[in-house]
Undergrad: 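Before we start, here is the structure in question, set down as structure tokens.
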Amino acid sequence: MTTSAHRLASGRGWQVSDVICTASAADRPFEEEHRDFCVAAVTNGTFRYRAREGTAMLAPGALLLGNPGTCYECGHEHGAGDRCLSFHFGPAYMERIVADVPGTKTLDFGTPRLPPLPALVPLLAEAEAAREMADTGAFEELALRIAGAAVTAACSATDRGRTPSRPDQKRVAEAVRRIEVDADRPISLAELADETATSPYHFLRTFRHVAGMTPYQFLLRARLHRAAVRLRTSDQTISAIAFAAGFNDLSTFNRRFRRLMGEAPGTYRARRRRP
């Protein structure tokens, strides 16, 4: 087996598991079936996800979406391994959420994924921190919030246009993995384009289409996400966390963190530790 799932928490109509896949390009894509609604947050790695709703490349920060009874296939021809926080919801659970989301007319997800949306960053950082700290009590609320956020975002998602070619998906997957590894270092657009043997313009356009944001936006999101998790799980100083994440000065880190997370790093940390 190339996939292992460890259940972290569960309740009436929901459960969440830490899913680790070690498949590589040498392994054949495997097909399974969603038994319930699935919202899986990718926390590491990249992979190709194909379902009735379409085909998409999943990268860290993206949400895989699945409907009950839908067969799907995951492949790793662009790189080895991934890790997800996989939330599963029963139809009755999701039906109550859909009823409370204005403008939602259908229960099923109409798109196979949501890209790494800025609005989801604080929520996903909180979920990943709960996993790392084994804070199982936090997942009841997190499951509800993630289900609601996925339904709301999927309702307004517009995954239109041509499906990116496999070579383009491979180039972006390689760039994403490079950014993941070297997020704390300066990485230029020209450097990433050279490594994928494309022009900067073509690379930028392709990356945005496949990943849902530009390379620089993805780099900042990766840095701020790591910093948010560290603020919740470590006792390091804020300045040490900022510099370790790749920011050259504390004021820039504070400004960008506040813009993305909605509050200053110190407030974010203090709220997490409040009884």
Side-chain angles (χ1 to χ4, degrees), residues 41-48 56-63 78-79 82 113-126 128 149 153 156-165 167-231 238-265 268:
V42 184
T43 61
N44 295 100
T46 60
F47 60 96
R48 183 177 57 82
M57 190 197 80
L58 278 295
L63 293 183
H78 305 323
D82 64 84
R113 66 111 196 210
L114 291 173
L117 301 173
L120 295 177
V121 171
L123 180 56
L124 299 185
E126 190 173 341
E128 189 170 346
S156 58
T158 54
D159 274 9
R160 300 190 181 100
R162 67 175 180 83
T163 299
S165 68
D168 279 344
Q169 291 185 44
K170 183 177 186 295
R171 293 186 184 102
V172 173
E174 290 171 350
V176 164
R177 289 180 180 271
R178 165 70 191 284
I179 292 173
E180 278 194 283
V181 171
D182 295 328
D184 57 340
R185 304 176 185 175
I187 304 175
S188 70
L189 174 63
E191 185 180 354
L192 291 171
D194 285 346
E195 291 176 359
T196 57
T198 59
S199 71
Y201 178 75
H202 178 78
F203 175 75
L204 175 61
R205 183 178 60 182
T206 301
F207 192 101
R208 188 169 189 173
H209 186 58
V210 174
M213 60 176 62
T214 69
Y216 183 62
Q217 289 169 336
F218 190 91
L219 174 63
L220 285 178
R221 191 211 67 84
R223 289 176 174 175
L224 291 167
H225 177 82
R226 290 182 185 182
V229 173
R230 287 169 183 160
L231 284 168
I238 293 175
S239 59
I241 289 173
F243 296 141
F247 293 92
N248 293 325
D249 65 88
L250 189 57
S251 61
T252 299
F253 169 70
N254 287 336
R255 183 172 64 254
R256 293 193 180 279
F257 191 96
R258 182 191 292 272
R259 183 181 302 167
L260 187 64
M261 308 298 283
E263 57 189 348
Y268 179 84

Undergrad: Quick one: does Arg221's side chain have a donor or acceptor within less than 3.5 Å of a partner on Pro60's backbone?
TA: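 Side chain of Arg221 to backbone of Pro60: a pair is present.
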Undergrad: Can you check side chain to side chain contact (heavy atoms under 4.5 Å, CB included) on Val172 and Phe218, steps first, answer last?
TA: CA-CA 11 Å; Val172 173; Phe218 190 91; over 6 Å; no
Undergrad: What residues form a salt bridge (charged side-chain N to carboxylate O under 4.0 Å, His left out) with Asp182, not counting sequence neighbours?
TA: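 Scan of Asp182 (salt bridge (charged side-chain N to carboxylate O under 4.0 Å, His left out), adjacent residues dropped) gives Arg178, Arg185.
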Undergrad: Kindly write out the residues that satisfy side-chain contact (heavy atoms from CB on, under 4.5 Å) with Ser239, not counting sequence neighbours, or none if the list is empty.
TA: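 For Ser239, the residues satisfying side-chain contact (heavy atoms from CB on, under 4.5 Å) (neighbours in sequence not counted) are Thr237, Phe243, Leu250.
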Undergrad: Name all residues meeting the side-chain contact (heavy atoms from CB on, under 4.5 Å) criterion together with Ile241; count only those two or more places apart in sequence or in a different chain, and write none if there are none.
TA: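 Ala227, Arg230, Leu231, Ser234, Gln236, Arg269.
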Undergrad: How would you list, by chain and number, every residue that makes a ring pair (Phe, Tyr, Trp, His ring centres under 6.0 Å) with Phe257, sequence neighbours excluded?
TA: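 Ring pair (Phe, Tyr, Trp, His ring centres under 6.0 Å) list for Phe257, sorted by chain: Phe253, Tyr268.
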Undergrad: Which residue, Asp184, Leu224, Asn254, forms the side chain to side chain contact (heavy atoms under 4.5 Å, CB included) with Phe247?
TA: Leu224
Undergrad: Might you point out which heavy atoms bring Gln169 and Met57 nearest each other, and give the distance in Å?
TA: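 The pair with the smallest heavy-atom distance is O-SD, 3.5 Å.
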Undergrad: Could you tell me which non-hydrogen atom of Val42 sits nearest to which non-hydrogen atom of Ala59, and how far apart they are?
TA: CB-O, 3.4 Å
Undergrad: Any side-chain heavy atom of His202 within less than 4.5 Å of one from Asp168?
TA: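 Yes. Closest side-chain heavy atoms under 4.5 Å.
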Undergrad: With sequence neighbours left out, what residues match Glu128 under salt bridge (charged side-chain N to carboxylate O under 4.0 Å, His left out)?
TA: Arg131
Undergrad: Any chance you could measure Leu219, atom CG, to Ile187, atom CD1, to the nearest 0.5 Å?
TA: 5.5 Å
Undergrad: Between OG1 of Thr198 and CZ of Arg205, what distance do you get to the nearest 0.5 Å?
TA: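 One gets 10.5 Å once the value is rounded to the nearest 0.5 Å.
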Undergrad: Please examine the side chains of Met213 and Pro115, heavy atoms only from C-beta on, and report whether any two atoms are closer than 4.5 Å.
TA: no
Undergrad: Closest approach of Ala245 and Arg223, non-hydrogen atoms and distance?
TA: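 Where Ala245 meets Arg223 most closely, the heavy atoms are O-CG, 3.0 Å.
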Undergrad: Residues in side-chain contact (heavy atoms from CB on, under 4.5 Å) with Asp194, at least two apart?
TA: none
Undergrad: What is the distance from atom NZ of Lys170 to atom OG1 of Thr206, rounded to the nearest 0.5 Å?
TA: 14.0 Å
Undergrad: Could you report the tightest heavy-atom contact between Arg226 and Ile179, atom names first, then the distance?
TA: NH2-O, 4.5 Å
Undergrad: Applying side-chain hydrogen bond (donor to acceptor under 3.5 Å, both in side chains), can you list everything that pairs with Asn44, at least two apart in sequence or on another chain?
TA: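 Partners of Asn44 under the side-chain hydrogen bond (donor to acceptor under 3.5 Å, both in side chains) test: none.
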Undergrad: Kindly write out the residues that satisfy side-chain contact (heavy atoms from CB on, under 4.5 Å) with Arg259, not counting sequence neighbours, or none if the list is empty.
TA: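 Residues passing side-chain contact (heavy atoms from CB on, under 4.5 Å) with Arg259: Arg255, Arg256.
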Undergrad: Can you give me the closest heavy-atom contact between Ala56 and Arg113, atom names plus distance?
TA: CB-CG, 3.4 Å
Undergrad: I'd like a table of donor-acceptor pairs (distance under 3.5 Å, sequence neighbours excluded) in which one partner is a side-chain atom from residues 118-126, with atom names and distances.
TA:
unit_1 : atom_1 : unit_2 : atom_2 : d
Glu126 : OE1    : Arg145 : NH1    : 3.3
Glu126 : OE1    : Arg145 : NH2    : 3.2
Glu126 : OE2    : Arg145 : NH1    : 3.1

Undergrad: Can you name the side-chain hydrogen bond (donor to acceptor under 3.5 Å, both in side chains) partners of Ser188, sequence neighbours left out?
TA: none
Undergrad: Could you measure the distance from the OG1 atom of Thr214 to the CG atom of Leu189? Nearest 0.5 Å is fine.
TA: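 If I round to the nearest 0.5 Å, the distance is 8.5 Å.
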